[in-house]
Amino acid sequence: MHLCGELLQNPALIGFLDNIPGMVYAIKLHRKKGGKVTISVQKIYNFLCSVKLAVTLFFLLAIGSIAGTLIEQGLPPEEYIKEYGERWYYWISLLRLTDVYHNWWFSLLLALLAINLAVCLSKRLPYIWRAYSAVDCDFTHNLVENFKHHTVIQFQGNIEEAKRKVEDILKGRKYKLWFENNPQNISILAAKGAIGRLGSPISHISIFLILIGAVLSSAVGFRSFYPFFEGEPVYIQEGNFSVVMDKFWIDYYENGGIKDYFSNLSVIDNGKMVTTKTIQVNDPLQYKGVWFYQSSYGTAWDRLDKVYIRITDKKSGKVVADETLDFRKEKGVAGTDLRLTASNFVSHFAFDSQTKQIFAKSAEHENPAVQLEINEGGKLIATPWIFYKYPNMFPIEKSKYNFVLAGYTAPQYSGLQIAKDPGVNLVWAGSILLMVGLFVSFFIFHRRFWIKIEPSEKNTLIYIGGITNKDHFGFEKEMDGIIKSF
Amino acid sequence: MFNSYFLFDIIFWVYLIAACCYIFYLSIRKEIVGHLAFALTVIGWLGNTAALAARTMETGRAPYANLYETMILLSWLIVMCYLVIEIKYLRLRVLGAIIVSIAFLAIGAAAMLPYRYQVAEPLIPALQSNWLILHVITTFVGYAGFAVAFGLGILYLFKERAERKKGFSFFDRFPSAELLDDLGYRFIALGFPFVTLGIILGAIWANYAWGGYWSWDPKETWSLIVWFIYAGYFHGRLVRGWRGRKTAYFSIIGFLAVIFLYWGVSFVLPGLHAYA
């Protein structure tokens, strides 16, 4: 049985093992014709545990991933039509190539990979375990001579001396030894690096863990972007607490490049401030499993600090006043019967004809506009939108004055990524296991020697034969070294 | 004198001459040429080390924060891999002809980058992290292993053909196809765990900086593609017993994917990894 593990490395035997279920099926078929249930189950099992399936899945996942990087993901349909044309867009949307990594067939491939992994592992684990733990000293020198790497050494001395010599040499090379003293001869089994056998199952289990973690992440985790304005608390539903950004600032390099940016955050739970931290890029805040990452910053698209309005008299064309308004605060204009309020702002003016709503098309200040509430002679006479880039486009008929948006200052927001991910720890656990598995598997080799010591007419014969699971080149060197030591 | 650009220029020429010496050594069987090639490679590598050290001192950070610098790091690692082979197995000296050439090509490609890619800009906020040091070095140890395996894979295909045809051939001096195949495997077996570690460290870092360990950005996705290719290689080789030409093709395709991951994604596909 001790050869079993070794034979498992042998491609011919793998083919044979893969065919065992096939043979079982042939026999069953022979016994009772029409046993269709056993056939299909067997076939599915064969399919699910084949390495061919694994390699095919790697290939398909790679192809899908490539498609996902070549075709930009998650754009609105019209963008694709513009880029590729109607006909191609039909195929792109049919194959769900606009969201490759989350579509049904990509998920299906990943699920198949997980199943393949589990079935394959359950099939191979017993063999691997046996190869790892097998100790069998019951063999003849014929077995030793069957190994690809084997030799016979003429040793000057009796069997006991030969045994001691073997022990010295192999223990010096960190081998673990098992002995069997027979009346006529001595059998020795020497092994090292058996742990290397476990590398493969460990790394496969770890991939399974990572996949489960990823599923957990996307099923229960959340991740969203939120702009924070100074002093405005944001309620975090997922953790039932609030966070206030007290202050935001940017540090610059001497050459004007951005060095880093910071937000001072306070967590308010149950009406009390529980913790505070200055976060920056690469240094997040964590509270109750919810993480706050500094991810960007920008200028507000829906609010302002100050609004500068130039008011001119329609008749004379003279400037009546240059007024500075606080956003959403009514102010009387000295020397007139005007009271003005800058009530709304959009950075990129857009009008939805269906809902009759005005909104900011983007956070860029492409076409800034302010809605002005004009109170003239004690009553509200108009609420026009005035445009920074297009002054005097729509004069206000009911008013004696013209109003021009001369400028404004907008507050900065700090863009925070907020995330809670219960799957992440499973992913890390899987990752650590994966590294352990890979390093064990690739850098620790299971090397074994079978040694038979037998007396001959003149002296003692030492038969040495050995195998390794990997690194045959290094193994030959090791074997040469051992033989030279005699 | 210890300006990093000056040193980069020096190692460009030293590696070029060393690679030529190795190729020359292949055609004339004079050991002295081989010794010269080896000595030049060692000098080039020391210069490469000094260049990285100078860059560290000039910038006060890890010397591999942009495309140009990582190319210098890559050639340093490739040559180091090669020196280990040569010191361990003197009879494999002829491999220098291909591996040192690859290292030279890496330096050459870096030298051809426009100047704005070569200058050491201060780090943007996202890169200011100790994870940078670990993530980049592990990834590039992996790339270096794949690069060496790529060279061995090409050599294998030529050698194998020469062996089939028998008779005198230019490739007689190269190690046997079997040995090239085995060595190629060993370098992929070195590269794979390191690239995996690089991906994992990148995921940890991304999670810490952006709040998500995987966001399917092109660089991440291509690293996964590369990972799949080499994972396929191992399953074919270790389980199904593929050897020789099949695995040689794999190591070539795998490294072409690495080149795309490394250069193609940076220049062709936009994404979070826009800086390198």
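Just so we're on the same page: letters track the sequence lines, and every chain starts at 1.
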Asks: Looking at B:Trp242, B:Phe260, B:Tyr185, B:Phe234, which makes the most heavy-atom pairs under 4.5 Å with chain A?
Replies: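 Between B:Trp242, B:Phe260, B:Tyr185, B:Phe234, the count favours B:Phe234.
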
Asks: Establish, yes or no, whether the cationic atom of B:Arg55 lies under 6.0 Å from the six-membered ring centre of B:Tyr5 and within 45° of the ring axis.
Replies: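 Relative to the ring axis of B:Tyr5, which defines the angle, B:Arg55 lies inside both limits.
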
Asks: For B:Ser176 and B:Lys159, test the side chains for any donor-to-acceptor distance below 3.5 angstrom and give the result as yes or no.
Replies: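 The answer is no; no qualifying pair exists.
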
Asks: Non-hydrogen atoms of chain B under 4.5 Å away: do they reach the side chain of A:Phe442, the backbone, both or neither?
Replies: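 For A:Phe442, side-chain heavy atoms alone lie under 4.5 Å from chain B.
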
Asks: Between A:Gly474, A:Gly257, A:Ala419, A:Pro284, who has the most heavy-atom pairs with chain B when the cutoff is under 4.5 Å?
Replies: A:Pro284

Asks: By a 4.5 Å heavy-atom criterion (distance strictly below it), what part of A:Ser295 contacts chain B: side chain, backbone, both, or neither?
Replies: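 It is neither, since no heavy atom gets under 4.5 Å.
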
Asks: With chain B as the partner, which of A:Asn255, A:Val281, A:Asn282, A:Thr56 has the greatest number of non-hydrogen pairs under 4.5 Å?
Replies: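 Between A:Asn255, A:Val281, A:Asn282, A:Thr56, the count favours A:Asn282.
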
Asks: Would A:Phe106 and B:Trp216 count as a close aromatic pair, with their ring centres under 6.0 Å?
Replies: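 Judged by ring-centre distance (under 6.0 Å), A:Phe106 and B:Trp216 do meet the cut-off.
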
Asks: Relative to chain B, which segment of A:Asp260 carries a heavy atom at a distance below 4.5 Å: side chain, backbone, both, or neither?
Replies: both

Asks: Check this for me, if you would: do A:Glu238 and A:Lys420 make a salt bridge, where the nitrogen-to-carboxylate-oxygen distance has to be below 4.0 angstrom?
Replies: no

Asks: A:Ile66 versus chain B, heavy atoms under 4.5 Å apart: side chain, backbone, both or neither?
Replies: both

Asks: Given the options B:Gly211, B:Ala257, B:Gly232, B:Gly212, which has more heavy-atom pairs under 4.5 Å with chain A than any of the others?
Replies: B:Gly211

Asks: Below 4.5 Å from any heavy atom of chain B, which atoms of A:Val424 appear? Answer side chain, backbone, both or neither.
Replies: both

Asks: May I ask you to name which of A:Val427, A:Ile210, A:Ile418 has the most heavy-atom pairs under 4.5 Å with chain B?
Replies: A:Val427

Asks: Side chain, backbone, both or neither: which part of A:Leu416 has an atom under 4.5 Å from a heavy atom of chain B?
Replies: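 Looking at A:Leu416, nothing touches chain B.
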
Asks: Among A:Lys259, A:Gln417, A:Gln294, which residue has the highest count of heavy-atom pairs closer than 4.5 Å to chain B?
Replies: A:Lys259

Asks: I want to know whether B:Tyr230 and B:Phe146 have ring centres closer than 6.0 Å.
Replies: yes

Asks: Before we go on, tell me: are the rings of B:Tyr117 and B:Tyr68 under 6.0 Å apart, centre to centre?
Replies: no

Asks: Indicate whether the side chain of A:Ser107 and that of A:Tyr101 have a donor and an acceptor atom separated by less than 3.5 Å.
Replies: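 Looking only at side-chain atoms, A:Tyr101 and A:Ser107 do not form any donor-acceptor pair under 3.5 Å.
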
Asks: Answer yes or no: is there an ion pair linking B:Glu69 with B:Arg61, defined by an N-O contact shorter than 4.0 Å?
Replies: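 Result for this pair is yes, salt bridge flagged.
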
Asks: Side chain from CB out, backbone as N, CA, C, O: work out which of these in B:Ile229 comes under 4.5 Å of a heavy atom of chain A, or both, or neither.
Replies: neither

Asks: Quick one: does B:Tyr64's side chain have a donor or acceptor within less than 3.5 Å of a partner on B:Ile133's backbone?
Replies: yes

Asks: Are any side-chain N or O atoms of A:Tyr253 and backbone N or O atoms of B:Leu123, one a donor and one an acceptor, separated by less than 3.5 Å?
Replies: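 Yes.
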
Asks: For chain A, which of B:Pro193, B:Ala203, B:Gly236, B:Ser129 has the most heavy-atom pairs under 4.5 Å?
Replies: B:Pro193

Asks: Would B:Asp181 and B:Arg186 pass as an ion pair if we require N to O under 4.0 Å?
Replies: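 A salt bridge is absent here (no side-chain N lies under 4.0 Å from a carboxylate O).
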
Asks: For B:Ile204, is it the side chain, the backbone, both, or neither that has a heavy atom closer than 4.5 Å to a heavy atom of chain A?
Replies: both

Asks: Is it the backbone or the side chain of A:Phe292 that comes under 4.5 Å from a heavy atom of chain B, or both, or neither?
Replies: neither

Asks: With a 4.5 angstrom heavy-atom cut-off, is it the side chain or the backbone of B:Trp227 that approaches chain A, or both, or neither?
Replies: side chain

